[in-house]
Colleague: 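Below you'll find the structure I mean.
Values in this document were obtained by computation on a predicted structure and should not be read as measured data. Side-chain atoms are counted along with the backbone in the values below, which use heavy atoms only and exclude waters and symmetry mates. In each ligand, atom 1 is the first atom listed, and ligand 1 is the first ligand listed.
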Amino acid sequence: MRGGGRNSRNLERLGLLVVCALLTGCSGEHSVLDPAGPQARHIGGLFWMFVGIGSAVYAVVAGFLLIGVFRRRRHQIDTGAPTTRPDHDSERGLRVFVISGVGVTVAILFVLIIADFVVGQRTSSLHAEEALTIRVTGHQWWWEIEYDHPIPGKIVTTANEIHIPTGQPVRFELQAQDVIHSLWIPNLGGKKDLVPGHPTSVWYMATEPSTFVGLCAEFCGRQHARMRLTVVAEPEDRFRSWLANQLQPALPPDSPDLRRGRDVFLTGSCALCHRISGTPANGHIGPDLTHLASRPTLAAGSVPNTRGFLAAWILDPHEIKPGVRMPPNQIGSQDLHALLDYLQSLN
Ligand code: CUA
């Protein structure tokens, strides 16, 4: 008896844990079920509608199944024989019941199809005449982000981090450099593929200031899973000041150590692939590093942007992200520290 009580308590705890895990999975910076924009809200509503109707159908079917099992068993107990040939009346009743079941199923499927269609229409109807345009280019395995501007010198380029103002639709122009990628910011809306040679666009809008995680949702090679991006939705004035800061070129180094760090960057192989605005480094193969220190992560969300990880990344990026395009670098200890100081000064 005591063992049975303990078992049931353990089962209760396990059930509680499962419920908690399921509920915590519904919220957060990377969840379709924690919508922060109108499109995600429509998609979330559709999800709950499917879950609700699906659960009700499941409960009804399971209920009828149980009724069938118990009725059959009672019949056997009463008559001592299994039912092999139902009488005419019950057969007719069964036929009506099955036909009604098929009718209800078809009706439910129609309701779900129409709801799906309406949500598709609503999510794709987001639009504005005058809108901020952000160009997103998928690379193996990082995101290049450009804030469009009619004057080329005022185009802001960054990587793996998108800032958007809240309360207004933003147009995302999507393109891919190498293979097919897919942009997915679950808290804001659905996925959209980035196909090489076929530029496309998608609109998103955030209603709440918050930080979300976006990711690549199309298998694009070995490091597909490490192709994340940070999305910061903030009030218009904060967004404008962030954008104005991103437009500024890197400040000239103001100490011998920082100057040494910059020289290591410019004379080594870094400048062949990376750009730092305000310096001769103008590579376009890897991410723009003009404001590297302002970003929360390195290598498209693979590791936090700390001095230790930055050093590890520079020396052997394949240790963190095997297969990445960036080669390992052999840099002496003093040069490395100067380089780290310089890169960490790029705010
Ligand atoms: Cu890019 Cu998966």
Colleague: Quick one about S269 and N329 (side-chain donor to acceptor, distance below 3.5 Å, no hydrogens or angles considered), yes or no?
Modeller: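 There is such a pair between these side chains.
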Colleague: Is there a donor-acceptor pair under 3.5 Å between the side chain of Y147 and the backbone N or O of H163?
Modeller: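 Flag set: sc Y147 to bb H163 pair under 3.5 Å.
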Colleague: What protein N/O/S atoms lie closer than 2.8 Å to atom 2 (Cu) of ligand 1?
Modeller: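 Sorted hits: C216 SG, E218 O, C220 SG, H224 ND1.
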Colleague: Write down the atom of T230, the atom of P296, and the distance for their closest heavy-atom approach.
Modeller: OG1-CG, 3.8 Å
Colleague: Test: side chain to side chain donor-acceptor pair (under 3.5 Å). Region: residues 179-194. Which pairs qualify, not counting sequence neighbours?
Modeller: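 Checked against side chain to side chain donor-acceptor pair (under 3.5 Å) - neighbours excluded - the pairs reaching residues 179-194 are D178-H181, S182-D193.
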Colleague: Kindly indicate whether the side chain of W313, heavy atoms from C-beta on, has any atom under 4.5 Å from the side chain of V324.
Modeller: yes
Colleague: Is it true that the side chains of S255 and D257 contain a donor and an acceptor less than 3.5 Å apart?
Modeller: no
